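What you see is a predicted model; the values in this text were computed from it and never measured. The chain is numbered in sequence order, starting from 1.
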Amino acid sequence: MSSGLQIGHLVVEALLVAVIVFLLFQKSYQPQKRPLTRKEIDQLCDEWVPEPLHPAITMEMEIEPPVLESDAGPRTMVSGKEVINLASSNYLGLIGHGKITEACDAALKKYGVGSCGPRGFYGTIDVHLDCEARISKFLGTPDSILYSYGLATASSVIPAFCKRGDIIIADEGVHWGIQNGLFLSRSTVKLFKHNDMKALENILEEIALEDKRVKKVLNRRFIVVEAIYQNSGQMVPLDEIIRLKEKYKFRVLVDESNSFGVLGKTGRGLTEHYGIPIQKVDIITAGMGYALATTGGFCTGSAKVVDHQRLSGAGYCFSASLPPYLASAAITAIDVLEESHELLVRLQENVTLLWNDVGG
């Protein structure tokens, strides 16, 4: 009985092997290929519906923004009427300042309007170097570097130092320029809850535990925050950031676009406000289209940090350099800020008044 079953199993197995071999050597089915007829091609074209290039236009999209008919100072002209301007970032009211206008006029007569070349290829003019030196002197840093466009500053600086395999921990509320820099860096990016230092420390602790579990990979590690967040107006607790940076061996990049010329007794920004040596912040970036009432941006820090960007900062290497008269405007704006302490006093009074009467 058992021998009969064994023979039956062998027969079944042999048949299965034969079927498998047969199927392996069978040619796969391929439908007959023939070109489409003219009628079929026309029918497919008539039925094809392309994806829209843009979303549907809503009534909100059709609203035209107001057009200014004068400078964007505290009071400006819109549609022939004088209005109070609460929409610009002219924090110190320097737009239209006499000394800045005179400096621009002189620079235009001497240098013309543009440079028509990037900094590394006949686009560096002496006023650019003067502006970089003036920023460094004002902030007390070894060196600075100018960028032609404020929003592109962080977008260029972050990818210059962070590559694939590096780790960046950033606040989820950072502005678009920083978001773009994080994307371009191709680094491993971890976001922590907006301005939540406990959430930041939890991520740092997770990374530290992972380093102990597996062999630590050599890479660059940055914490990226804004001094005053453009999207929320909140101030980052720099003392906590520095504590966590030193505890977990990270570097720190702080964007001071909305705090430069605003925070601190003399307008030197977040580090002055907290009484922390500026050298404890590895990289500082800022746009100049805010308190300085010009345009462009800068990055400041150690000489090595700046020199590295002169070869790897995309916005520095490939964009035409900042128009000379705008660099001259930035120099003069810093001079005015340093000479006129009442500008900061008035700003603080206005902030307090607005907060108490509207925000409080």
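Taking the side chain as every heavy atom from C-beta outward, T285 and Y147 never approach each other to under 4.5 Å. Side-chain contact between L270 and I228 is absent, with no heavy atoms from C-beta onward closer than 4.5 Å. Side-chain contact check for K280 versus Y274: every heavy-atom pair is 4.5 Å or farther apart. Side-chain contact between K137 and E338 is absent, with no heavy-atom pair separated by less than 4.5 Å. The side-chain heavy atoms of L191 and D171, taken from C-beta on, include no pair separated by under 4.5 Å. Side-chain contact between F260 and L139 is present, with at least one heavy-atom pair separated by less than 4.5 Å. Between F192 and V225, the closest side-chain pair of non-hydrogen atoms falls below 4.5 Å. Looking only at side-chain heavy atoms (C-beta outward), R310 and Y316 come within less than 4.5 Å of each other.
Heavy-atom neighbours of K193 NZ from other residues, nucleotides or ligands within 6.0 Å: at or below the threshold of 12. Applying the 6.0 Å contact sphere to OH of Y149 captures no more than 12 heavy atoms from other residues, nucleotides or ligands. Shown here is I84, whose CD1 atom has no more than 12 heavy atoms of other residues, nucleotides or ligands within 6.0 Å.
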- Task: Could you please spell out the steps behind the side chain to side chain contact (heavy atoms under 4.5 Å, CB included) verdict for T266 and L337?
- Result: CA-CA 8 Å; T266 59; L337 173 60; over 6 Å; no
- Task: Step by step, work out the side chain to side chain contact (heavy atoms under 4.5 Å, CB included) result for N258 and H175.
- Result: CA-CA 11 Å; N258 289 282; H175 65 68; 5.7 Å; no
- Task: Before giving the answer on salt bridge (Lys or Arg N to Asp or Glu O under 4.0 Å), spell out for R119 and E132 the whole-Å C-alpha distance, their side-chain angles and the decisive distance to 0.1 Å.
- Result: CA-CA 13 Å; R119 288 288 301 273; E132 290 170 347; 2.9 Å; yes
- Just do the side chain to side chain contact (heavy atoms under 4.5 Å, CB included) check on E226 and I178 with the steps written out, would you? CA-CA 9 Å; E226 290 180 67; I178 294 177; 3.7 Å; yes
- Are R213 and E210 close enough, and set up right, to give a salt bridge (Lys or Arg N to Asp or Glu O under 4.0 Å), and what steps lead you there? CA-CA 5 Å; R213 192 179 67 83; E210 183 68 15; 2.8 Å; yes
- Determine, step by step, whether T300 and V306 satisfy the side chain to side chain contact (heavy atoms under 4.5 Å, CB included) criterion, reporting the C-alpha distance in whole Å, the side-chain angles of both residues, the deciding distance to 0.1 Å, and the verdict. CA-CA 7 Å; T300 191; V306 169; 5.9 Å; no
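Each of I168, L200, I207 was scored for a side chain to side chain contact (heavy atoms under 4.5 Å, CB included) with K190, with one residue passing: I207.
At a threshold of 4.5 Å between side-chain heavy atoms, the hydrophobic network of Ile, Leu, Val, Met, Phe, Trp and Tyr places V174 and F183 in two separate groups. A continuous path of Ile, Leu, Val, Met, Phe, Trp and Tyr side chains, each step under 4.5 Å between heavy atoms, connects V351 with Y91, placing both in one hydrophobic cluster.
In this structure, E69 does not pair ionically with K81, as no charged nitrogen and carboxylate oxygen lie closer than 4.0 Å. Comment: R221 engages D211 in a salt bridge, judged by a side-chain N to carboxylate O separation of less than 4.0 angstrom. E201 and K247 are joined by a salt bridge, as a carboxylate oxygen and a charged side-chain nitrogen come within less than 4.0 angstrom of each other. The residues R243 and E240 are annotated as salt-bridged, a charged nitrogen and a carboxylate oxygen being separated by less than 4.0 angstrom.
Contact record, L44 with L36: CD1-CD1, 3.8 Å, taken as the closest heavy-atom pair. When all heavy atoms of T271 and E256 are compared, the closest pair comes out as N-OE2, 4.2 Å.
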